[in-house]
Amino acid sequence: MKYYILFGPPGAGKGTQAGALAQKYNLCHLSTGALLRAEIAAGTSLGKQAKELIDKGNLVGDDVVEGMLESRFAQASGIEGFLLDGFPRTISQAEDLDRMLAKTSDKVEKVISIMIPDAMVAERIAHRAAIEGRADDASEETIKNRIATYHAKTEPLIEFYKAQGKYEEADGRGTIEEVHDAISAIMDK
Ligand code: AMP
């Protein structure tokens with residue numbers, strides 16, 4: 001199995017890009033945010049716990065997120081691999097991912113970062129709020145906290161994956177098609 005990571009700040013367009021990329025490369029798109037929102041919608045106890053954290057823009061516990069992913073990894077069939085979106089979000093999650101994949105002698109192939117300037121983040125989130133109605137896109141304070149959490153906890157992953165020679169950047173400022181082509185060029189290298 002091949003494991004690709006779509007990386008980038010909130011609002012960079014990871015979710016928007018993932019569908020077409022997953023189809024093109026026969027990958028299963030796994031968004032930890034979407035999996036958590038499905039748990040919330042289904043009213044599970046995991047969803048109830050996660051909702052409080054998500055609504056404030058804080059990260060959900062590693063065990064919860066990693067448990068959801070590992071059960072999906074185990075169900076893989078008929079695919080080339082996985083396209084992870086929203087995971088890992090911390091160095092400790094990245095280390096746990098390496099340990100999980102080592103069990104099946106797999107590894108992360110590439111980390112593709114969709115780069116947009118900070119000024120665009122708030123604009124993109126506001127646009128998405130109008131379309132998708134996500135609770136965590138509605139409050140300015142929550143958005144600010146998610147951006148701060150990204151800088152403090154997630155951005156250090158750039159150096160982590162650069163050191164492994166796996167980190168690549170795509171310009172996220174263009175149209176959906178332009179960004180798709182930029183990511184495809186990286187995938188095809
Ligand atoms: P996203 O859809 O990726 O923007 O995620 C929405 C929210 O879900 C985040 O702000 C976090 O509260 C939570 N979440 C998603 N992925 C993770 C993760 N890998 N670790 C912890 N929390 C996560």
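Each ligand, and each atom within it, is numbered from 1 in the order the structure gives. Throughout, numbering of the chain's residues begins at 1 and tracks the sequence.
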Scan the side chains in residues 156-164 for donor-acceptor partners under 3.5 Å anywhere in the protein, sequence neighbours excluded, and list what turns up.
residue : atom : partner : partner atom : Å
Gln164  : OE1  : Lys166  : NZ           : 3.2

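For a heavy-atom separation below 4.0 Å, the residues in contact with ligand 1 are Thr32, Gly33, Leu36, Arg37, Ile54, Asn58, Leu59, Val60, Val65, Gly86, Phe87, Arg89, Gln93, Arg134, Asp136, Arg146.
Residues that satisfy the side-chain hydrogen bond (donor to acceptor under 3.5 Å, both in side chains) test with Glu70, not counting sequence neighbours, are Lys103.
Between Phe82 and Tyr3, the two ring planes are parallel [angle under 30°; tilted spans 30° to 60°].
Put simply, Leu83 and Met1 are part of two different groups of oily side chains (I, L, V, M, F, W, Y) that touch within less than 4.5 Å, one to the next.
The hydrophobic cluster around Ile131 extends to none of the other residues, as no ILVMFWY side-chain heavy atom falls under 4.5 Å of it.
Screening Leu21, Asp85, Leu84, Leu6 for a side chain to side chain contact (heavy atoms under 4.5 Å, CB included) with His29, the sole residue that qualifies is Asp85.
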